Protein chains: 2
Amino acid sequence: MASPPHLHLSNQLCLALYSAGNALSRAYRPMLEPLDLTYPQYLVMLALWEVDGVSVSDICERTRLDTGTVTPLLKRLAAKGLLVRARSEEDERRRVISLTEAGRALQARAEDVPFRMACLGVLTPEEGIELKRLAETLYRNLARLEQVRGAEGSDVPGLAE
Amino acid sequence: MASPPHLHLSNQLCLALYSAGNALSRAYRPMLEPLDLTYPQYLVMLALWEVDGVSVSDICERTRLDTGTVTPLLKRLAAKGLLVRARSEEDERRRVISLTEAGRALQARAEDVPFRMACLGVLTPEEGIELKRLAETLYRNLARLEQVRGAEGSDVPGLAE
DNA sequence: GATATTTATATTGTGCGCAATATGATTTGA
DNA sequence: TCAAATCATATTGCGCACAATATAAATATC
């Protein structure tokens, strides 16, 4: 075994997280298929069922998705008749994303998805809560790092140099 | 708020896991860029540094990636000169994936990647261990479900009907 | 009030995830 | 021995992740 332990796949947190995340979206597939939604599309619909009439960037923030992902995704949802992508009247740069009647009606058919996921019994409630808590911590800390790294180039006037 | 709590984004374990996983592979990017590797390519190289001269399906199992992902990925790694994709002599269906000298040499340059990731300090060691444990549990249970569902169609002779 | 900067969204290109299907070699069974 | 089933890998097609770039409107600066 020429490979040192810290390079072993079995020791990688990232692989555990990566494969679990992929497996989880695969698990959603059979439940979302009747709704004609992919998993990221489901996330966007969850966001809009909470609050709609919002901008693209608002959806990106709440779903934690990228604009390059969300823009074409919204187009596909619009093509299915679930939402409309209007222009804001005050600010012509902004899009205002609003659910259609069909989009709002779909919520009823998605109601039991979380319940059916829970019924798979892949985690105890305690495990689920703890896993969510740790994943949130990881996300939050990584997001903060990204912000710092991102701001590194754009110098603050008066502080740089 | 027309949306019931179990449909709130803030209550979704899946979003926490999904966004944390994505953020984690983004965090690897600046470290893997000098090695000219993407994150999934890094996983495959980790697998090969442990054991090479193996089949495609062996790599798929150990990295938990799909054959449809791995085949073109291996072609790209071969194009970079990190490995060769030979045919097995005993079984012509099998590919035998072997590292080149350059592929083996790359391991030295990847040695400190796990250490540098740890230095980001996004999780305490205890949190990391617990998160990995829970993610492994989730993956294992979902994988078992997939096997059951997958076997549902292919009837066992003598038991079906 | 013309120019520069910022902001919001869109576009493009590469790689990955994955289901479905194809190809082609091996093994099984009649 | 020959046909059918199985197995390993490859291919195709669509959607997503994300960096880089573009566009175009709003705001700031001079």
Side-chain angles (χ1 to χ4, degrees), chain A residues 18-30 32-33 36-44 54-61 63-80 85-97 146 149-150 153-155 157, chain B residues 18-30 32-33 36-44 54-61 63-80 85-97 146 149-150 153-155 157:
Chain A
Y18 191 67
S19 56
N22 287 339
L24 194 54
S25 9
R26 274 198 304 277
Y28 270 98
R29 192 175 294 242
L32 296 180
E33 207 160 48
D36 193 25
L37 292 177
T38 65
Y39 174 68
Q41 288 169 7
Y42 172 66
L43 288 181
V44 168
V54 296
S55 66
V56 173
S57 52
D58 176 88
I59 295 174
C60 289
E61 267 184 46
T63 59
R64 301 173 182 174
L65 296 172
D66 190 86
T67 169
T69 300
V70 168
T71 294
L73 191 155
L74 288 174
K75 283 188 186 176
R76 281 186 286 269
L77 291 179
K80 293 177 191 175
R85 303 161 61 241
R87 290 262 180 217
S88 166
E89 301 209 343
E90 314 93 61
D91 188 338
E92 290 264 333
R93 294 169 305 177
R94 288 186 64 177
R95 288 271 186 188
V96 178
I97 311 298
E146 284 176 8
R149 300 245 159 166
S154 68
D155 41 19
Chain B
Y18 191 67
S19 56
N22 286 339
L24 194 55
S25 12
R26 275 199 302 278
Y28 271 97
R29 192 175 295 243
L32 297 180
E33 207 159 50
D36 192 27
L37 291 178
T38 65
Y39 174 67
Q41 288 169 8
Y42 172 65
L43 288 181
V44 168
V54 296
S55 67
V56 173
S57 52
D58 176 88
I59 295 173
C60 289
E61 267 184 47
T63 59
R64 299 173 182 175
L65 295 172
D66 190 86
T67 169
T69 300
V70 168
T71 293
L73 192 156
L74 288 174
K75 284 188 185 176
R76 281 186 286 271
L77 291 179
K80 293 178 191 176
R85 303 164 59 243
R87 288 261 179 219
S88 165
E89 302 210 342
E90 312 93 61
D91 188 338
E92 290 265 334
R93 292 170 305 177
R94 288 186 63 176
R95 288 270 185 188
V96 177
I97 311 298
E146 283 175 10
R149 300 243 157 168
S154 68
D155 41 18

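This one's a predicted model, so the numbers in the text were calculated from it and none came from an experiment. Here is how names work: the chains are called A, B, and so on, in the same order as the sequence lines, proteins then strands, and each is numbered from 1.
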Protein-nucleotide distance (Glu61(A), atom CD; dA8(C), atom P), rounded to Å: 10 Å
Do any side-chain nitrogens or oxygens of Arg93(B) fall under 4.0 Å of OP1 or OP2 in dT6(D)? no
Base, sugar-phosphate, or nothing for Arg87(A), non-hydrogen atoms under 4.0 angstrom? nothing
Going from CG on Leu74(A) to SG on Cys60(A), what distance comes out if it is rounded to the nearest 0.5 angstrom? 8.0 Å
May I ask you to say what Thr38(A) touches in the nucleic acid, namely base, sugar-phosphate or nothing, with a heavy-atom cut-off under 4.0 Å? sugar-phosphate
Considering every strand and a 4.0 Å limit on heavy-atom distances, what is the contact class for Arg64(A): base, sugar-phosphate, or nothing? nothing
Atom-to-atom span, CG of Leu37(A) to P of dG15(D) - whole angstrom: 13 Å
Distance in angstrom units between Leu73(B) CG and dT9(D) C1', rounded: 15 Å
Strictly below 4.0 Å: does Lys75(B) bring a side-chain N or O up to OP1 or OP2 of dT11(D)? yes
Drop me the distance from Thr38(A)'s OG1 to Leu73(A)'s CG, to the nearest 0.5 angstrom. 5.5 Å
Measure from CZ on Arg95(A) to C1' on dT23(D) and round the result to the nearest Å. 13 Å
Going from CG on Leu65(A) to OG1 on Thr71(A), what distance comes out if it is rounded to the nearest 0.5 angstrom? 11.0 Å
Using a heavy-atom cut-off of under 4.0 Å over every strand shown, decide if Ser55(A) touches base, sugar-phosphate, or nothing. sugar-phosphate
Within the structure, does a side-chain N or O atom of Tyr18(A) lie under 4.0 Å from either OP1 or OP2 of dG17(C)? yes
When you match Arg29(A) and Thr67(A) each to their closest nucleotide on DNA chain C, which lands nearer the 5' end? Thr67(A)
What one should report as the nearest heavy-atom pair of Val70(A) and Ile59(A) is CG1-CG2, 4.2 Å
For the pair made of CG in Asp66(B) and P in dT11(D), what is the distance, rounded to whole Å? 14 Å
Ser19(B) and Arg64(A) have their tightest heavy-atom pair at OG-NH1, 3.0 Å
Please check the phosphate of dC18(D) (OP1 and OP2 only) for any side-chain N or O of Arg26(B) closer than 4.0 Å. yes
OP1, OP2 of dT11(C) versus side-chain N and O of Thr71(A): anything below 4.0 Å? no
Expressed as a whole number of angstroms, how long is the span from Asn22(A):CG to dG15(C):C1'? 14 Å
Identify which one of Tyr18(A), Tyr28(A), Tyr39(A) satisfies the ring-ring contact (aromatic ring centres under 6.0 Å, His included) criterion when paired with Tyr18(B). Tyr39(A)
Asp91(A) has its side chain closest, among dC18(D), dA26(D), dA10(C), to dA26(D)
Within the structure, does a side-chain N or O atom of Thr69(B) lie under 4.0 Å from either OP1 or OP2 of dG17(C)? yes
Using a heavy-atom cut-off of 4.0 Å across all strands, would you classify Glu33(A) as base, sugar-phosphate, or nothing? nothing
Is Ser88(B) touching bases, backbone alone, or none of the nucleic acid, heavy atoms closer than 4.0 Å? nothing
Starting at OH of Tyr39(B) and ending at P of dA19(D), how long is that distance when rounded to a whole Å? 16 Å
Nearest-Å distance for atom pair CD/C1', residues Gln41(B) and dG17(C): 15 Å
